[in-house]
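Residue numbers begin at 1 in each chain, while the letters A, B, ... track the order of the sequences.
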Amino acid sequence: KKSSRKTYIVHMAKSEMPPSFQHHTHWYDSSLKSVSGSAAMLYTYDNVIHGFSTQLTDEEAEQLESQPGILAVLPEVRYELH
Amino acid sequence: TTRTPEFLGLSQAAALFPESESASEVVIGVLDTGVWPESKSFADTGLGPIPSSWKGACESGTNFTSANCNKKLIGARYFAKGYEAALGAIDETKESRSPRDDDGHGTHTASTAAGSVVEGASLFGYAQGTARGMATRARVAVYKVCWIGGCFSSDILAAMEKAIDDNVNVLSMSLGGGMSDYYRDSVAIGSFAAMEKGILVSCSAGNAGPAPYSLSNVAPWITTVGAGTLDRDFPAFVSLGNGKNFSGVSLYRGSPLPGKMLPFVYAGNASNATNGNLCMMDTLIPEKVAGKIVLCDRGMNVRVQKGAVVKAAGGIGMVLSNTAANGEELVADAHLLPATAVGQKSGDAIRDYLFSNPNPTVTILFEGTKVGIEPSPVVAAFSSRGPNSITSEILKPDMIAPGVNILAGWSGAVGPTGLATDTRRVDFNIISGTSMSCPHVSGLAGLLKAAHPDWSPAAIRSALMTTAYTEYKNKQKMQDVATGKPSTPFDHGAGHVDPVSALNPGLVYDLTAEDYLGFLCALNYTEFQIRSLARRNFSCDASKRYRVTDLNYPSFAVNFDSVMGGSNVVKHTRTLTNVGSPGTYKVSVSPETPGVKISVEPQTLSFSQANEKKSYTVTFSGSSQPTGTNVFARLEWSDGKYTVSSPIAISWT
């Protein structure tokens with residue numbers, strides 16, 4: 001279960017992007033790679049949130065949440081039609 | 001849709017709504033199961049060039065190319081990365097990896113909001129008429145985020161991201177999930193961003209009624225829509241061997257029953273399963289139901305599947321009985337065999353007849369479509385109810401709109417029941433839910449946006465709320481089918497939409513993104529939570545006292561602590577903006593509310609300029625009442641020409 005991956009929505013504090021990065025998506029990718037070499041971003045967002053979605057294990061999600069510039073790592077929710 | 005334009009007064013007031021350029025400049029984005037582009041509801045006859053502001057696209061995929069779009073359907077995108085990450089690659093033999101709607105729900109909602117005029121629409125002759133969306137000249141952009149396995153929030157966010165880039169004016173979302181706080185709810189998060197861009201977001205309130213605290217999509221920057229009935233019905237009576245008749249509804253069209261009384265059996269007595277009364281798959285004993293009409297109870301499996309189960313077991317017809325959960329609410333279905341749905345009381349009486357008669361017999365008399373049904377609208381039993389479980393000081397739902405037995409466009413990939421065994425194909429289908437009432441309001445918002453391009457999403461919602469009605473023309477109060485009594489603001493919010501009045505509301509309660517940020521401060525959101533939701537560095541002003549009751553909402557929800565003695569005093573501040581002609585408005589509050597004194601200062605507001613703003617304060621002074629007490633009232637400002645009405649819900653918790 002620990003190793004199984006789930007989708008997370010990662011909220012980033014875009015204004016805290018380190019000056020060494022040219023573009024915020026590079027910073028997002030670097031933050032992601034620091035906790036998981038294999039994870040890829042499903043989507044990046046800039047209108048609705050500043051951040052991205054990706055698949056992580058619970059452990060990786062916890063590690064990512066403690067990274068600088070990370071506001072929240074929220075598990076994906078499944079919605080239903082009404 | 002058929003009938004709702006007349007029911008809402010749109011047909012009679014067509015001249016009031018601009019058919020000019022502005023009406024066709026409005027783009028309504030629909031996040032749902034996609035679209036069936038061949039539906040006549042997306043014909044673009046008479047529409048001019050695509051608005052220059054439009055930045056969207058028509059994406060290709062399984063069974064869908066950009067050629068499927070036109071000047072009505074101007075955008076079509078699909079989002080499946082989250083869905084496939086969660087459930088694996090889409091099986092393209094089962095669903096189209098494209099904007100194409102394999103389900104029907106998305107075509108239904110999109111055509112309800114903005115479908116073109118289609119003469120001679122019906123479902124097997126039921127609900128016959130001229131079908132049209134609420135905003136017939138608005139453009140449609142669909143964003144497919146819902147798949148067989150559900151609608152995943154990473155896809156929903158991606159679709160909202162794109163819809164904002166594409167420049168939609170209204171977003172319609174007939175979906176919901178959980179009841180988490182706003183900063184954890186992707187629909188609330190994406191809607192905040194959309195609201196900031198001037199996009200009105202209209203969402204379904206949920207179908208978890210009539211239980212209280214059952215709402216979805218309650219963020220104050222979202223327009224939350226409950227469901228009411230129309231003045232149309234599809235009667236199909238149950239006629240028992242003892243001569244008694246019971247009302248039912250049905251959309252069955254097919255081989256008639258034999259013209260005689262037929263043997264009748266209760267499913268619970270024709271099954272070895274403990275829940276055999278529910279007519280679930282493989283639970284009926286063919287020898288016991290063959291050639292008979294079967295009484296099934298609602299619950300667990302979908303209603304139309306019960307009919308298919310009876311048919312598969314050799315039954316020739318079905319009477320489907322409501323249980324306490326749905327009471328007397330009658331939702332019609334296009335069953336695969338002669339079938340009718342009856343209310344709980346009728347179901348109980350029919351069951352008693354079955355148990356007390358050695359040779360029970362029955363037949364079903366189908367009467368087609370009836371209009372002019374009263375009382376109507378009534379609040380649908382399934383429509384989710386307040387109070388607001390996340391922020392009790394914000395009254396939700398905001399309003400109700402038609403959501404029961406709504407005819408609109410359908411997919412060509414699936415039958416009207418949605419069952420795999422249903423090989424029928426239809427252009428229009430009749431279904432029910434707050435999924436259907438939401439796009440009504442989305443389309444009406446589009447009409448208002450066309451008439452008042454400078455109005456904010458909050459102003460549009462305010463106009464729809466302060467002109468909504470809660471009484472019938474005979475002054476009787478609107479009813480709740482779940483109780484048979486007058487509905488309350490926890491059921492109908494501000495009331496049932498009245499778009500013609502909403503066009504000229506006189507005054508509106510406007511709101512900006514900063515107002516909503518202040519609301520988040522009043523909720524004691526952390527800086528991180530506000531930054532997550534609002535994508536900006538925003539610090540609540542430590543020297544300022546933020547109060548939820550200061551949010552300039554067009555309705556009032558007041559909570560008294562039943563423990564505290566008489567000294568319960570709550571103040572709400574509101575600001576009205578003049579969008580009508582100059583006038584002096586006087587306030588009234590009615591009816592008298594036991595246990596609470598309501599006073600308003602000042603008592604009159606005079607407006608001489610357009611967009612002039614005036615504020616007032618309402619003071620609620622409550623005496624102690626038992627926990628769980630609710631009282632309701634309405635606060636109205638009137639200058640003799642306009643009436644600006646707000647519901648008040650007061651609770652002792």
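For residues 22-45 of chain A, heavy-atom neighbours of chain B at less than 4.5 Å comprise A:L42, A:Y43, A:Y45, sorted by residue number.
Comparing B:S204, B:G206, B:G176, B:G149 by how many heavy-atom pairs each has under 4.5 Å with chain A, the most go to B:G176. Contact tally against chain B (heavy-atom pairs below 4.5 Å) for A:Q55, A:R78, A:K14: the top residue is A:R78. Between chain A and the options B:G177, B:A227, B:C151, heavy-atom pairs under 4.5 Å are most frequent for B:C151. Contact count against chain A (heavy-atom pairs under 4.5 Å) is highest for B:S186 among B:A86, B:A208, B:S186, B:C438. Ranked by non-hydrogen atom pairs under 4.5 Å with chain A, the options B:G190, B:C203, B:A158 are led by B:A158. Ranking A:P75, A:G51, A:A13 against chain B, the residue ahead of the rest is A:A13, based on heavy-atom pairs under 4.5 Å. Counting heavy-atom pairs closer than 4.5 Å to chain A, the top residue among B:A193, B:G82, B:A85 is B:A85. Heavy-atom pairs under 4.5 Å with chain A peak, among B:T526, B:D155, B:D32, B:T109, at B:D155.
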Do B:I156 and B:L31 pass the side-chain contact (heavy atoms from CB on, under 4.5 Å) test, and can you show the C-alpha distance, the side-chain angles, and the key distance before you say yes or no? CA-CA 8 Å; B:I156 291 170; B:L31 270 68; 4.1 Å; yes

Verdict with reasoning, B:M436 to B:H105, per side-chain contact (heavy atoms from CB on, under 4.5 Å): CA-CA 9 Å; B:M436 285 64 248; B:H105 191 275; 4.0 Å; yes

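With B:R385 contributing its side chain and B:S383 its backbone, the two residues share a donor-acceptor pair below 3.5 Å. Looking only at distances, no side-chain donor or acceptor of B:N429 sits under 3.5 Å from a matching main-chain atom of B:T417. In this structure, the side chain of B:E329 does not engage the main chain of B:N326 through any donor-acceptor pair within 3.5 Å. Proximity of a side-chain donor or acceptor of B:T107 to a complementary backbone N or O of B:W36 within less than 3.5 Å is detected. Without hydrogens or angle criteria, B:N169 side chain to B:V27 main chain gives a donor-acceptor distance under 3.5 Å. A donor-acceptor contact shorter than 3.5 Å is absent between the side chain of B:T112 and the backbone of B:H440. Between the side chain of B:R77 and the backbone N or O of B:P99, no donor-acceptor pair lies under 3.5 Å. Using a distance-only test at 3.5 Å, with no hydrogens or angles considered, a donor-acceptor pair links the side chain of B:S432 to the main chain of B:N405. No donor-acceptor pair under 3.5 Å is formed between the side chain of B:T33 and the backbone N or O of B:D101.
In this structure, chain B has a heavy atom under 4.5 Å from the side chain of A:I9, while its backbone stays farther away. If you measure heavy-atom distances from A:E80 to chain B, the contacts under 4.5 Å come from both the backbone and the side chain. When heavy atoms are compared at a cutoff of 4.5 Å, B:A159 does not approach chain A at all. Of the two parts of B:V145, neither the backbone nor the side chain holds a non-hydrogen atom closer than 4.5 Å to a non-hydrogen atom of chain A. Of the atoms belonging to A:H11, it is side-chain heavy atoms, and not backbone ones, that fall under 4.5 Å from chain B. If you measure heavy-atom distances from B:N207 to chain A, the contacts under 4.5 Å come from both the backbone and the side chain. Both the backbone and the side chain of B:F79 come within less than 4.5 Å of a heavy atom in chain A. Of the two parts of B:S191, neither the backbone nor the side chain holds a non-hydrogen atom closer than 4.5 Å to a non-hydrogen atom of chain A. Residue A:L81 touches chain B through both its backbone and its side chain, counting heavy-atom pairs closer than 4.5 Å.
Contact check on B:D103 versus B:K144 returns no salt bridge, with no Lys/Arg side-chain nitrogen under 4.0 Å from an Asp/Glu carboxylate oxygen. Look at A:K6 and A:D58 and you find a salt bridge, because one of the NZ, NE, NH1 or NH2 atoms lies within 4.0 Å of a carboxylate O, short of that distance.
Side chains of A:S53 and B:S154: a donor-acceptor N/O pair is absent below 3.5 angstrom, by distance only.
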